Amino acid sequence: MKFTVDDYGFYGKFGGAYIPEMLYPNVEELRQNYLKIMQEPDFQEEFQSLLKDYVGRPTPLYFAKRLSEKYNTKIYLKREDLNHTGAHKINNTVGQILLAKRLGKTRIIAETGAGQHGVATATVCALMGIECVVYMGEVDIKRQAPNVARMKMLGASVVPATSGSKTLKDATNEAIRDWINNPENTYYIIGSVVGPHPYPDMVARFQSVISEEMMAQLQEKEGRDYPDYVVACVGGGSNAAGAFYHYLDRPEVKLVAVEAAGLGVDSGESAATSVLGKEGIIHGSRTLLMQTEDGQVTEPYSISAGLDYPGVGPLHAHLFDTKRAIFESVTDEEALQAVLELTRLEGIIPALETAHALAAVGRLGAKPDDVVVVNLSGRGDKDLATYLERFHFDE
Ligand SMILES: *Cc1c(COP(=O)(O)O)cnc(C)c1O
């Protein structure tokens with residue numbers, strides 16, 4: 001079984017590039033050049049040096065002693081929350097901006113839902129002195145004011161998408177329209193392992209630094225370069241893809257992908273794509289997505305904005321289809337409990353997205369000698385307002 005992308009841009013039956021003809025030249029330019037550029041020594045040198053000195057890598061692999069005692073197994077946390085800007089997303093935006101520069105592009109566009117990818121993109125544009133336009137649904141602009149402020153402070157223009165439900169998918173449509181109109185000078189930075197080929201493969205490769213570091217760190221700490229379980233939350237799937245990447249072809253490692261069940265998978269308010277999704281096409285690739293009988297995309301729901309996405313990337317659809325990964329879903333309530341648990345046992349306040357991965361640890365059936373790595377995708381600063389509202393510390 002093969003889990004990397006094939007020559008046609010597919011993972012099994014998922015993936016591909018289902019795009020309007022007008023977009024073909026842009027995507028084709030990228031497809032023909034991304035691997036070549038990524039393998040050039042001067043690209044690698046600049047990428048590695050920024051990961052080290054700007055992002056703050058390698059991130060620690062921390063043995064969580066009290067959490068391990070509680071679950072009676074050996075739990076390590078891969079600390080992506082310690083990256084610059086507070087999550088794994090910066091690994092990918094640093095990579096893509098270097099690629100854009102080498103393609104001679106002078107203008108960056110992106111779309112964002114919760115604003116985390118918008119911030120990571122605006123950050124690297126400020127770093128490189130490149131113009132940045134971020135499309136964001138009008139509704140999301142209101143809901144995510146602190147991230148909108150960050151993007152503006154970093155010098156990006158935040159353009160409201162005012163059509164449809166005024167959320168992520170409408171912002172995506174606006175970004176695609178912009179790219180069609182500006183094929184020469186503009187590069188589109190996508191924030192997860194979604195979109196037409198080559199984006200899912202490219203983003204997975206940029207994020208694969210996570211499992212590359214894990215191998216060396218586990219070798220040092222455990223005397224073997226692999227764990228028994230790798231657990232990660234899945235919105236589009238980029239932090240999971242990075243954490244799984246170097247273990248995809250190693251069946252001794254169980255891969256655990258955790259989706260947001262929202263109010264419960266049967267509640268109608270959920271984002272658990274593997275349970276509720278069917279094959280279809282979204283954002284240019286064939287994958288699993290939540291849709292109605294007649295193929296309209298269903299509005300997803302999760303308390304965590306980063307997991308509130310109606311699809312998963314094609315790699316994850318393939319991992320689900322082939323049963324290479326175990327898929328779990330975790331409700332809002334379970335995730336909130338996991339936030340408090342990690343905070344009180346380890347002194348680490350995780351992002352709401354990340355807490356979904358943590359909440360699944362108790363279900364694995366891991367034995368006392370098993371090694372479990374949880375990818376701690378981001379920190380909880382951005383979620384403090386939700387935590388204060390839900391935990392009632394003053395009562
Ligand atoms: C955006 C985000 C996610 C979800 O995105 P993936 O592409 O699935 O990784 C998860 N955790 C955090 C902290 C995020 O910001």
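The figures here come from the full heavy-atom set of this structure, side chains too, leaving out hydrogens, waters and symmetry mates. Since the model is a prediction, treat every value here as computed from it, not as a measurement. Atoms within each ligand, like the ligands themselves, are counted from 1 in listed order.
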Side chains of Tyr18 and His197 only: does a donor on one sit below 3.5 Å from an acceptor on the other?
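There is no such pair (donor and acceptor under 3.5 Å, judged by atom type) between the side chains of Tyr18 and His197.
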
With no hydrogens and no angle check, just 3.5 Å: does a side-chain donor-acceptor pair link Ser285 and Thr287?
no

What protein heavy atom is closest to [atom], reported as residue, atom name and distance in Å?
atom	result
atom 15 (O) of ligand 1	Lys89 NZ, 2.7 Å
atom 6 (P) of ligand 1	Ser238 N, 3.3 Å
atom 4 (C) of ligand 1	Gly306 O, 3.5 Å
atom 10 (C) of ligand 1	Glu353 CB, 3.5 Å

Option with minimal heavy-atom separation from atom 8 (O) of ligand 1, where the choices are Ala351, Gly237, Gly380, Ala114
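Answer by nearest heavy atom: Gly237.
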
Look at atom 7 (O) of ligand 1 and find which of Gly86, Ala240, Ser192 reaches it with the closest heavy atom.
Ser192

May I ask you to check whether Phe391 and Phe393 place their ring centres under 6.0 Å from each other?
yes

Quick one: side chain to side chain donor-acceptor pair (under 3.5 Å) partners of Glu333, sequence neighbours excluded?
Arg390

Enumerate the atoms of ligand 1 whose separation from the nearest heavy atom of Gly235 is less than 4.0 angstrom.
8 (O)

What part of His117 sits under 4.0 Å from ligand 1 if we count only heavy atoms: the side chain, the backbone, both or neither?
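The answer is neither; His117 stays 4.0 Å or more away.
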
Does [X] reach ligand 1 with a nitrogen or oxygen that is under 3.5 Å from one of the ligand's nitrogen or oxygen atoms?
X	value
Ser377	yes
Leu307	no
Gly378	no

Could you identify which residues cluster with Leu307, counting Ile, Leu, Val, Met, Phe, Trp and Tyr as linked when any side-chain heavy atoms lie under 4.5 Å apart, either directly or through a chain of such contacts?
none

Does some non-hydrogen atom of Arg379 fall short of 4.0 Å from ligand 1?
no

Any side-chain to backbone donor/acceptor pair from Gln96 onto Thr93? Under 3.5 Å, distance only.
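Not confirmed, Gln96 side chain does not pair with Thr93 backbone.
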
May I ask you to decide if Leu352's main-chain N or O and Tyr387's side chain share a donor-acceptor pair within less than 3.5 Å?
yes

In terms of the angle between their ring planes, are Tyr11 and His318 parallel, tilted or perpendicular, with boundaries placed at 30° and 60°?
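Tyr11 and His318: tilted rings.
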
